[in-house]
There are 2 protein chains.
Amino acid sequence: MLKSNQPQPTKSNNPITIVDVANFLGVSISTVSRALNNKSDINQKTKDAIIQAAIDLDYKPNFLAQSLNKGSTHTIGVIVPDVGHPFFASVLAGIQQVANNTGYRIIVCHSNESYRIEVLNTETLMACRVDGILISHSKETTEFDHIKKITEKGIPVVQYDRVNSELNTSNIIHQDFKGAFNLVEHLISQGCRRIGVMSGPKEMQICKTRIEGYKAALQKHGIEINNDYIVHSNISYGEGEQILNYFIGLENPPDGIFAIVNRNAIEMMKAAKEKGIKIPDELAFAGFGDDILAQYFEPPLTVYNHFPTRIGEIAIRMLIENINNKSNFNPYSKIVEGELIIRKSSLKKGSCL
Amino acid sequence: MLKSNQPQPTKSNNPITIVDVANFLGVSISTVSRALNNKSDINQKTKDAIIQAAIDLDYKPNFLAQSLNKGSTHTIGVIVPDVGHPFFASVLAGIQQVANNTGYRIIVCHSNESYRIEVLNTETLMACRVDGILISHSKETTEFDHIKKITEKGIPVVQYDRVNSELNTSNIIHQDFKGAFNLVEHLISQGCRRIGVMSGPKEMQICKTRIEGYKAALQKHGIEINNDYIVHSNISYGEGEQILNYFIGLENPPDGIFAIVNRNAIEMMKAAKEKGIKIPDELAFAGFGDDILAQYFEPPLTVYNHFPTRIGEIAIRMLIENINNKSNFNPYSKIVEGELIIRKSSLKKGSCL
DNA sequence: GTGAAAGCGCTAACAC
DNA sequence: GTGTTAGCGCTTTCAC
């Protein structure tokens, strides 16, 4: 490869550096740096000339070099278990929006519901020297040493949605208990007395809490808790049909079903429809979380909407607060209010919306 | 803050550096570097000791510093117009998977269908010194200077899905022409003669191509092209109903509708159902792209599935190929085969699946 | 107000 | 086989 010895500001393949700008004007690199970073103690004329030269030469600061000696990247790492899921897509949208407005960069990592990848993600993000991490754990995650390692290094972490409350981080969750309670109480108000619940992995905090909400609603209304009606699954898509079959095969099949993940409710409804079961009169449905499928499916699904975008917005704000205030920051938790949306999947005859 | 002057390998807040590892063992930093990078010319024992020490001290290489002097970040930037869209979510999944297997890091930027943000995204990625960029343009993008700037600097770019073929980059697209042709021909085979098409922005390449496919199918079967049946929209969600109203308000309303984005087809079907229009007998529907909503909606939607995950996988492979072979690489285009999936939304009475 | 120089953490020539 | 040293591009003291 041959190197031109003529100054060739515009055509060189190597990116323009601060040195090029300095040479171009015959000033020192520190002067250029000062001008570009809006420091005081610089002659306005020099400053203007430098800024103009930077534009003319199409100089772009090297982010790597800047971060390396500032010790801060102004970047936030986000770990998402499943970007394909509408809930997480909306959370991400909220995060991105606030990041844009506050000048933070975002690196999104996708754990793909795998504990192993989640751990790798945390290592990647640490290697990238992100200023903070937002994380929702994979379904498989029951060990949290990888998070402890991060917080011990003084890197702020905020857990959202799927949190482990024993970690010393800020958290943001929705009203899992209340949402489940409201959904189940609504089913009861529609005349359901044998309410099945399709839950996720036993160890997942949100599943535990939602089942507690379910139980509390039954108890409030004097309905006995029957463990046959409580089914744990992997909340993968596709499991709904099998679990519906289990339910309708029971001696006393449920007359209402509460799904801890809305998409499973849809799957079960689809299977039920194909078997000729009348929804909601023979079997009513309700699920946690709203999305377009819940709205468009026939019948549309009664849900507890937990405002995922808002969760994302609040999560990143909490994180930035922590980043700006590392020394004396006490982690805290926030709970976002949701709302019950009643649709046809649960409205039995004689009821009106 | 007080600083301990005892060596405290595990508890220090400042990340362990290569210097710490070197001091710990009393060797030089270059020896450590060699050991950790698996270079030859190093004593096995020293190497083992260094690797062990690195583990014990929980040393993690500083990615910024590594990249800074290697001049390569081993990171790929991905620009996505809309992560919430199932198509892009699946493309992303494909990209991520290959990235994981090849050791590339991914930075995902979300242009949110905004030209302005898309340009900012490219600048961010250049500032991060990514090794290459995968991009699908926003709906608004009709100017491509920001991409030219990148390729002129010698950074490989691959455009996927929404491409501009005048740029000197590799591209990957689906069979837009053939897909549209097949869908429309299928509608014709079901007896449709007045086929409406809901398209997106006029300037978008994929819209142009799909409309060409639509026209070709009509021509092949001797059906006249009627511009009243061709409607351009912004393909935002929510526009479907309005456009359905336009169609059914025509003097000679269509008996079949082809939507260039499947979700718009669903919206139109929903609106049509609410008006008591019989699908598919009075009005048949077909749309480009498969997803869960198309499968679960009642009636399920006939689609051309373009295998988004595969598109993501191929796109990143093409990019990596280009990165590894910068000097003598000639951009090329690839077209991914799709498949027609016939469902009830278009199967008129008397036909059978 | 500006320049020289040190250093962020690392790699890779170059010595020995 | 290992150590010394010069940078990667930038910011930030410290001189002048």
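Each chain gets a letter, A, B and so on, in the order its sequence line appears, and its residues count up from 1.
Put simply, NZ on B:K70 is 12 Å from P on C:dA13, counting in whole angstrom units. Rounded to whole Å, the distance from CD1 on A:I29 to P on C:dG1 is 20 Å. Atom CG in A:L25 sits roughly 10 Å away from atom P in C:dG3 (whole-Å rounding). Distance, B:I18 CD1 to C:dA12 C1': 12 Å, rounded to whole Å. In this entry the distance linking CG of A:N23 with P of D:dC10 reads 12 Å, nearest Å. As rounded to whole Å, 9 Å separates atom C1' of D:dC10 from atom CG of A:N37. Rounded to whole angstrom, the span from the CG atom of A:D41 across to the C1' atom of D:dC16 amounts to 13 Å. Atom CG in A:L64 sits roughly 15 Å away from atom C1' in C:dT11 (whole-Å rounding).
A:K39 has a side-chain polar atom (N or O) that falls below the 4.0 Å cut-off from OP1 or OP2 of D:dT12. For D:dT11, the OP1/OP2 oxygens have a side-chain nitrogen or oxygen of A:S33 closer than 4.0 Å. Contact annotation: A:N62 side-chain N/O to D:dC8 OP1/OP2 distance is not under 4.0 Å. When the side-chain nitrogen and oxygen atoms of B:S28 are compared with OP1 and OP2 of D:dG3, one or more of them lie within a distance under 4.0 Å. At C:dG9, none of the side-chain N or O atoms of B:Q66 fall inside 4.0 Å of OP1 or OP2 (strictly under the cut-off).
Axis angle, first five pairs versus last five pairs of the helix from C:dG1-D:dC16 to C:dC16-D:dG1: 50°, rounded to 10°.
Across residues 44-52 of chain A, not one residue has a non-hydrogen atom less than 4.0 Å from an atom of DNA chain D.
Between B:D131 and B:K70 no salt bridge is recorded (no basic side-chain N to carboxylate O distance below 4.0 Å). Electrostatic pairing of A:K149 and A:E123 does not count as a salt bridge here, judged by no charged N lying under 4.0 Å from a carboxylate O. Salt bridge status for B:K47 with B:D41: absent, with no side-chain N to carboxylate O gap under 4.0 Å. Between B:K148 and B:E166 there is no salt bridge, since none of the side-chain N atoms of the basic residue sits less than 4.0 Å from a carboxylate O of the acidic one.
Here the side chain of A:N37 pairs no donor or acceptor atom with the backbone of A:K39 at under 3.5 angstrom. A:S67 places a side-chain N or O within 3.5 Å of a backbone atom of A:F63 that can act as its donor or acceptor partner. Of the possible donor and acceptor atoms, one in the side chain of A:S170 sits under 3.5 Å from a partner among the backbone N and O of A:Y332. The backbone N or O of A:L120 sits less than 3.5 Å from a side-chain atom of A:T124, completing a donor-acceptor pair. Distance alone, capped at 3.5 Å, places no donor-acceptor pair between the A:E313 side chain and the A:G94 backbone.
Nucleic acid contact for B:Y59: sugar-phosphate only, since backbone atoms but no base atoms lie under 4.0 Å from a heavy atom of the residue. Across all strands shown, A:L68 has heavy atoms under 4.0 Å from base atoms, whether or not it also approaches the sugar-phosphate.
Nearest nucleotide to the A:N43 side chain, out of C:dT2, C:dC10, C:dG3: C:dT2.
Between B:Y115 and B:H146, the ring centre distance stays below 6.0 Å.
Residue A:S30 places a side-chain atom within donor-acceptor reach of the base of C:dG3, judged by atom type and a 3.5 Å distance cut-off alone. Residue-to-nucleotide contacts include no donor-acceptor pair under 3.5 Å from the side chain of A:R129 to the base of C:dG9. One N or O donor and one acceptor, one from the side chain of B:N69 and one from the base of C:dC10, sit under 3.5 Å apart.
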